[in-house]
Amino acid sequence: MTALSPLTPPTVSRLPNVGTTIFSVMSALAAETGAVNLGQGFPDFECDPALVDAVTAAMKEGHNQYPPMPGVPALRQAMADKMLALYGHRCDPATEITVTAGATQAILTAILAVVHPGDEVIVLEPCYDSYVPNIELVGGVVVRVALTPGSFRPDFSAIEAAITPRTRALIINSPHNPSGQVWSEADMLALQDLLAPTNILLISDEVYEHMVFDGEQHQSAARFPGLASRAFIISSFGKTYHVTGWKVGTVIAPALLMSEFRKVHQFNVFTVNTPMQHALSAYLTNPAPYRDLPAFYQRKRDLFRDGLASTRFRLLPGQGTYFQCVGIEGLTVAERELPEADFCQWLTREIGVAAIPLSAFYGNGFDQRVIRFCFAKRDDTLQAALARLAKL
Ligand code: PMP
Ligand code: GLN
């Protein structure tokens with residue numbers, strides 16, 4: 001603890017209920033205890049060396065100064081081409097695509113751009129941990145709607161019941177962190193119908209768009225004109241290309257919304273690092289890496305699930321993302337069922353595998369006896385974790 005200096009003026013916190021994120025906490029605990037870290041979501045393997053070479057080449061070619069504010073044109077063009085090829089969505093790279101410092105900045109900037117103090121924003125719990133503090137920072141009112149308990153499916157009548165004249169935006173996330181659930185075409189059509197008579201904007205967090213398994217398709221908001229016309233569609237190269245530390249993503253929105261987005265973007269980051277954008281623009285023109293990603297992660301999911309099947313965890317279904325949730329009912333520690341968060345601490349310290357409690361994704365810490373593992377790991381890492389979990 002740093003001693004408080006009597007010379008530092010007191011401040012009133014803008015985020016009084018926020019501490020260090022659960023992901024940082026569990027990664028630190030895993031490092032401290034030598035546990036296998038299946039907590040925070042990131043790969044423990046390298047990206048394609050060609051991508052690293054492309055960044056080095058871009059630096060050597062002198063791409064080291066500010067790029068244009070919305071991003072390197074070739075990268076925006078490659079993204080527009082991909083949106084058309086994959087989702088049939090035509091967007092103008094000049095006015096409808098901006099390169100961001102990862103999805104995190106894209107989400108915050110979208111909220112800053114369109115949510116006024118007192119506006120309501122609906123989130124579907126459990127949800128990614130940045131959404132609620134982002135809404136609170138702009139003085140918005142967080143309206144929490146639960147995904148259906150157990151299945152994590154969207155409950156459209158609950159969403160409809162939460163809509164008021166003050167609802168400014170709804171945030172959705174498919175494939176879903178933490179549950180791995182994927183919205184179907186019927187879900188997206190139902191959402192499109194629900195929003196059609198309203199002025200509600202959509203923030204569609206699609207960072208796991210290329211991790212959809214079992215032959216299913218990612219149902220991007222971009223596929224649905226009634227959604228695309230009111231949406232900020234958010235992607236992350238960090239997830240798709242195994243480079244979470246690069247923090248580069250994109251946001252796609254109709255020109256009117258994008259011009260408001262860019263007003264904020266130019267004053268919160270102005271631009272995103274240049275050499276990575278050059279490297280990504282060439283890399284993105286090749287569909288093979290993202291086309292092959294579902295098979296790559298489905299094999300890891302199956303390996304991990306097969307191993308978990310012989311442990312005492314209850315396997316939950318998951319069709320997407322690199323997360324696997326499990327139930328911990330009946331897993332007692334000293335004859336006691338621990339709260340999820342304490343169970344994860346115990347699992348890390350005593351069994352040597354870090355996980356994330358689902359309660360961290362709820363405002364009220366709702367505990368449903370479920371924890372999340374990340375399987376974006378080398379096979380030997382997954383095997384090492386499974387060997388430890390088998391002892392339970
Ligand atoms: N949304 C979700 C659902 C995520 O899981 C993540 C990954 N941390 C992000 C947004 C943030 O992505 P990025 O690392 O590109 O900022
Ligand atoms: N998205 C990652 C997860 O859910 C973590 C990113 C972060 O640490 N902020 O684990």
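One-based numbering along the sequence shown. As the structure lists them, so they are numbered: ligands from 1, and atoms in each ligand from 1. These numbers come from a predicted model, not from an experiment.
Taking the six-membered ring for Trp, F313 and F373 have ring centres closer than 6.0 Å. Separation of the F152 and F361 ring centroids does not fall under the 6.0 Å cut-off.
Of the candidates S236, S235, S204, E209 forms a side-chain hydrogen bond (donor to acceptor under 3.5 Å, both in side chains) with just one, namely S235.
Salt bridge annotation for R144-E125: present, with a cationic side-chain nitrogen under 4.0 angstrom from a carboxylate oxygen.
With a 4.0 Å cut-off on non-hydrogen atoms, T244 does not touch ligand 2 at all.
Looking at ligand 2, you'll find an N or O of G41 within less than 3.5 Å of one of its N or O atoms.
In terms of protein heavy-atom proximity, atom 6 (C) of ligand 2 is closest to Y128 OH, 3.3 Å. Scanning all protein heavy atoms for the shortest distance to atom 8 (O) of ligand 2 gives Q40 NE2, 2.7 Å.
Around ligand 1 you find G102, A103, T104, Y128, N173, N177, D205, V207, Y208, S236, K239, K247, each with a heavy-atom distance below 4.0 Å.
A donor-acceptor pair under 3.5 Å is formed between the side chain of E340 and the backbone N or O of S359.
Atoms of ligand 2 found under 4.0 Å from any heavy atom of K239, numbered from 1 in the order shown, are 1 (N).
Ligand 2 lies less than 4.0 angstrom from a heavy atom belonging to N177.
In this structure, a donor-acceptor pair under 3.5 Å is absent between the side chains of Q324 and R301. Between the side chains of Q77 and D81, a donor-acceptor pair is found at a separation under 3.5 Å. A donor and an acceptor atom, one from each side chain of S220 and E206, are located under 3.5 Å apart.
Within the 4.5 Å cutoff, the side chain of L170 has no heavy atoms near those of the V145 side chain.
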